[in-house]
Amino acid sequence: MTIKLLGAVSGMAIIASSAAFADGHAAPEAEVLHYWTSGGEARSVAVLQEEFAANGGTWTDMPVAGGGGDAAGTALRARVLAGNAPTAAQIKGPAIQEWYEEGVLADISEVAEANNWSGILPEAIAGHMQCDGTWCAAPVNVHRVDWIWANAEVLEANGIEMPTTWDEFNAAAETLQAAGVIPLAHGGQAWQDATVFEAVALGILGADGFRKAFVELDMDTIKSDDMIAVFDQMRTMRGYVDDNFSGRDWNLATAMVMNGEAAFQIMGDWAKGEFMAAGKVPGEDFLCLSTPGDGFLYNVDSFAMFAVDGDDKQAGQALLAELVVGESFQEVFNLNKGSIPVRTDVALDNFDSCATLSADDMAASNEGGSLLPSYAHGMALRGAQAGAITDTVTAHFNSDMSSEDAVQMLADAIANSL
Ligand code: BGC
């Protein structure tokens, strides 16, 4: 159930900070809950705030720090339960449907239809934004999760190429470690462990195995020898992380790659936003390549609007929805964020080689059936199942648990979460 949002906002007057425009329309207002607080993220959300203001909107920022959005999710739930939902919140994947089922989302179909979202968004992505045939969220971008980032100078100094197999990765890591470089910059937070895990899983299980395990929750795949091999590789990689990794934020891990303290980071392309914000140049200062194996793990940021009273807030929701899918925003925001536009009709001329690689691989994966939703970033599974997997991954990574025990724990945790 959704509350219908009325009033398309195209052509809205440029200046307005009072309660209504000269023509009597309410001036748009939005309180926006999001978790874009790192350097690159803050630059990106500023693009939206500026466009919102330039269209007469008043933006109230509600940032909740914490990579991956766990803390933001908790803050959002508390607000909604207290009957004080924000006008818009950064939520994505199946969580959109979960909120919709609680009857608290606004219906943004009018904006979506007026702006032909079904004509300009890839079908799979449009599906995430629709609830029972209505539009319930506005997509912002396509982040790829299965990336490996590297410090170009460190690799060159150690005679290392970007690894294309996990064995090559391990061999490179051993060389780096012997040379006194931290091979893998990592922050010990559960969502970061999950991010590395799903990249390793995609490489070792293959695209079909990944889909069976983390989209379909197929128990044979979850309990397979290949899954044991995934945990074996995680154990090996634990040895490539420095001793101070516990609790480290992801952007601080990216900074370790930037300053040459560490060689690699496995992280989604929001890490590229950090490199760019620091003035680093892809192909020169840092390198990007998909993690070993075929496939593409997508992670689409989006905003859902909550059912709130007030013409000003509803105008704010309509304006926000229209802007984020708008062509100019899609280009400028994604240049800063490290992601690629979600619209298929935005030219990539101004984007760098990592972005074009992402777009090419996404198209090829789509054709080849290996375009897959990220489980670690809330695109593949509902919260309970994703949480059960992540609990296991992080328990294994932070202990001396055997791979066999981890697989058993994984199977039990998933079964208990259903
Ligand atoms: C989000 C990104 C964000 C990253 C780090 C991901 O789940 O999709 O937009 O930059 O987490 O917070």
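Atoms within each ligand, like the ligands themselves, are counted from 1 in listed order.
Protein heavy atom in closest approach to atom 5 (C) of ligand 1: Glu41 OE2, 3.2 Å. In this structure, atom 9 (O) of ligand 1 lies nearest to the protein heavy atom Asp301 OD2, 2.7 Å. Annotation: atom 2 (C) of ligand 1 to nearest protein heavy atom, Lys337 NZ, 3.5 Å.
In summary, the atoms of ligand 1 found under 4.0 Å from a heavy atom of Asn299, numbered by their order in the structure, are 1 (C), 6 (C), 7 (O), 8 (O). Distances below 4.0 Å separate heavy atoms of Gly67 from the following atoms of ligand 1: 12 (O). Residue Trp250 approaches ligand 1 through these ligand atoms, each under 4.0 Å from one of its heavy atoms: 5 (C), 12 (O).
With sequence neighbours excluded, no residue forms a ring-ring contact (aromatic ring centres under 6.0 Å, His included) with Tyr240. Taking His128 as the reference, Tyr298 meet the ring-ring contact (aromatic ring centres under 6.0 Å, His included) condition, with sequence neighbours excluded.
Ligand 1 is approached by Gly68 to a heavy-atom distance shorter than 4.0 Å.
Checked against the 6.0 Å centroid criterion, the rings of Phe333 and Trp36 qualify as a close aromatic pair. Proximity of the aromatic rings of Phe210 and Tyr375 is defined here by a centroid distance below 6.0 angstrom, and this criterion is not met.
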Audit row: Asp269, Lys272, salt bridge (Lys or Arg N to Asp or Glu O under 4.0 Å) steps and yes/no: CA-CA 5 Å; Asp269 42 22; Lys272 194 183 78 185; over 6 Å; no

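Residues Glu31 and Arg79 are paired through a salt bridge, judged by an N-O separation under 4.0 Å between the basic side chain and the carboxylate.
For atom 7 (O) of ligand 1, the nearest non-hydrogen atom from the set Gln192, His377, Glu274 belongs to His377.
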